[in-house]
**Q** 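There's a structure below that I have some questions on.
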Amino acid sequence: QVQLVESGGGLVQAGGSLRLSCAASGRTSSIYYMAWFRQAPGKEREFVATISRSGGITYYADSVKGRITISRDNAKNTVYLQMNSLEPEDTAIYYCAADLQAFLTTSSSRYDYWGQGTQVTVSS
């Protein structure tokens, strides 16, 4: 019904920037919230940011607030994650997720669709 494909990951020095993209296809009109999660080796999947259908509501994890911005372009069916001032602690696989319900959540179990992930590595 919905397919998500992330891109834009890579290797960057501490203090650098990356912009991740998540392209949605299929029945994209059914999506309300889209979000980014990340998972480092040996760690639980961690919430990063989420955005509502029209972009009017955004919410960020405290660990990334002020450094990361989530945005949405519905005409392109794409969600972006602009990451600045990156730190080694940001190293993880970043996953895009979609939620069909109109309620904000930071829990990975509440999201209905997931992309394959894109690796972000921040070196010191």
Side-chain angles (χ1 to χ4, degrees):
Q1 187 173 12
V2 175
Q3 298 81 43
L4 305 174
V5 179
E6 303 97 333
S7 62
L11 175 64
V12 65
Q13 288 285 117
S17 299
L18 285 173
R19 189 182 73 164
L20 307 184
S21 298
C22 174
S25 60
R27 299 183 64 85
T28 57
S29 62
S30 65
I31 299 171
Y32 195 86
Y33 277 96
M34 296 193 69
W36 289 92
F37 290 78
R38 65 187 183 185
Q39 188 166 23
K43 302 293 185 180
E44 298 280 336
R45 189 163 296 187
E46 176 188 26
F47 169 79
V48 177
T50 189
I51 186 167
S52 63
R53 175 181 289 157
S54 298
I57 301 172
T58 58
Y59 184 76
Y60 299 90
D62 288 342
S63 61
V64 303
K65 192 175 299 182
R67 301 188 297 116
I68 293 181
T69 301
I70 188 170
S71 60
R72 186 170 187 169
D73 186 343
N74 288 339
K76 298 180 179 180
N77 293 318
T78 300
V79 172
Y80 304 96
L81 192 72
Q82 178 67 48
M83 305 191 295
N84 302 320
S85 301
L86 285 165
E87 305 166 354
E89 292 74 21
D90 297 316
T91 295
I93 300 175
Y94 283 70
Y95 296 92
C96 180
D99 186 1
L100 304 184
Q101 299 188 40
F103 303 98
L104 190 154
T105 180
T106 63
S107 176
S108 62
S109 65
R110 302 291 184 88
Y111 285 80
D112 302 293
Y113 299 97
W114 293 84
Q116 83 290 342
T118 185
Q119 177 71 48
V120 171
T121 302
V122 184
S123 64
S124 60

**Q** To the nearest 0.5 Å, what is the distance between CH2 (Trp114) and CZ (Arg45)?
**A** 5.0 Å
**Q** Counting N and O atoms only, with roles assigned by atom type, does the side chain of Asn74 sit under 3.5 Å from a partner on the main chain of Arg53, one being a donor and the other an acceptor?
**A** yes
**Q** Closest heavy-atom contact between Lys65 and Tyr60?
**A** CE-O, 3.9 Å
**Q** If you link I, L, V, M, F, W and Y whenever their side-chain heavy atoms are under 4.5 Å apart, who else ends up in the same group as Leu11?
**A**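 Cluster partners of Leu11: none, it stands alone.
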**Q** If the test is side chain to side chain contact (heavy atoms under 4.5 Å, CB included), which one of Leu81, Ile70, Ile68 qualifies with Leu20?
**A**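 The side chain to side chain contact (heavy atoms under 4.5 Å, CB included) with Leu20 is passed solely by Leu81 among Leu81, Ile70, Ile68.
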**Q** In Å and rounded to the nearest 0.5 Å, what is the CG to CD distance from Leu4 to Gln116?
**A**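 Here the rounded value is 9.0 Å.
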**Q** If two hydrophobic side chains count as joined below 4.5 Å and joins carry through other members, does Met34 share a cluster with Val64?
**A**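 Yes, because Met34 and Val64 connect within a single hydrophobic cluster, where side-chain heavy atoms sit under 4.5 Å apart.
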**Q** With sequence neighbours left out, what residues match Glu46 under side-chain hydrogen bond (donor to acceptor under 3.5 Å, both in side chains)?
**A** Arg38
**Q** For Ala23, what residues pass the side chain to side chain contact (heavy atoms under 4.5 Å, CB included) criterion, not counting sequence neighbours?
**A**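 Listed in chain order: Thr78.
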**Q** Is Val79 reachable from Tyr113 through a run of hydrophobic residues whose side-chain heavy atoms are each under 4.5 Å from the next?
**A**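 In one cluster with Tyr113: Val79, yes.
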**Q** Enumerate the residue pairs fulfilling disulfide (SG to SG under 2.5 Å) with a member in residues 95-124, sequence neighbours excluded, ordered by first and then second residue.
**A**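 Found Cys22-Cys96.
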**Q** Is there a continuous path of hydrophobic side-chain contacts, each under 4.5 Å between heavy atoms, that joins Val2 to Phe37?
**A**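 No.
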**Q** Is there a chain of hydrophobic side chains (I, L, V, M, F, W, Y, each step under 4.5 Å between heavy atoms) that links Met83 to Tyr95?
**A** no
**Q** Minimum heavy-atom separation for Ser30 to Gln1, with atom names?
**A**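 Minimum heavy-atom separation between Ser30 and Gln1: OG-NE2, 4.1 Å.
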**Q** For the atom pair OG1 (Thr28) and CD (Gln3), what is the distance rounded to the nearest 0.5 Å?
**A** 10.0 Å
**Q** What's the separation between atom OH in Tyr59 and atom CD1 in Ile51, rounded to the nearest 0.5 Å?
**A**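 That separation rounds to 15.5 Å.
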**Q** If every non-hydrogen atom of Ala92 is compared with every non-hydrogen atom of Tyr94, which pair is closest and at what distance?
**A** O-CD1, 3.4 Å
**Q** Can you measure from OG (Ser21) to CZ (Arg19) and round to the nearest 0.5 angstrom?
**A** 5.0 Å
**Q** For Ala24 and Ile31, which heavy atoms make the closest approach, and how far apart are they?
**A** CB-CD1, 4.3 Å
**Q** For residues 99-110, dump all side-chain donor-acceptor pairs below 3.5 Å to protein atoms at least two apart in sequence or in another chain.
**A**
from   : atom 1 : to     : atom 2 : distance (Å)
Asp99  : OD1    : Gln101 : N      : 3.0
Thr105 : OG1    : Ser107 : N      : 3.2
Ser107 : OG     : Ser109 : OG     : 3.0

**Q** Could you give all pairs that pass the salt bridge (Lys or Arg N to Asp or Glu O under 4.0 Å) test and reach residues 69-79, with sequence neighbours left out?
**A**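 Those involving residues 69-79 do not exist here.
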**Q** In terms of hydrophobic clustering (I, L, V, M, F, W, Y; side-chain heavy atoms under 4.5 Å; direct or indirect links), are Ile57 and Tyr111 co-clustered?
**A** yes
**Q** Would the distance check show the side chain of Glu6 and the main-chain N or O of Gly117 forming a donor-acceptor pair, the cut-off being under 3.5 Å?
**A** yes
**Q** On a heavy-atom basis, which atom in Asn84 and which in Ser17 lie closest, and how many Å separate them?
**A** OD1-OG, 2.9 Å
**Q** I'd like to know if the side chain of Thr91 and the backbone of Val122 have a donor-acceptor N/O pair within less than 3.5 Å.
**A**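 Yes.
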**Q** Start with the C-alpha gap between Gln13 and Leu86, add the side-chain angles, then the distance that decides, and say whether side chain to side chain contact (heavy atoms under 4.5 Å, CB included) holds.
**A** CA-CA 8 Å; Gln13 288 285 117; Leu86 285 165; over 6 Å; no
**Q** Find the distance between OH (Tyr32) and CG (Asp112) and round it off to the nearest 0.5 Å.
**A**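 Atom-to-atom, Tyr32:OH and Asp112:CG are 14.5 Å apart.
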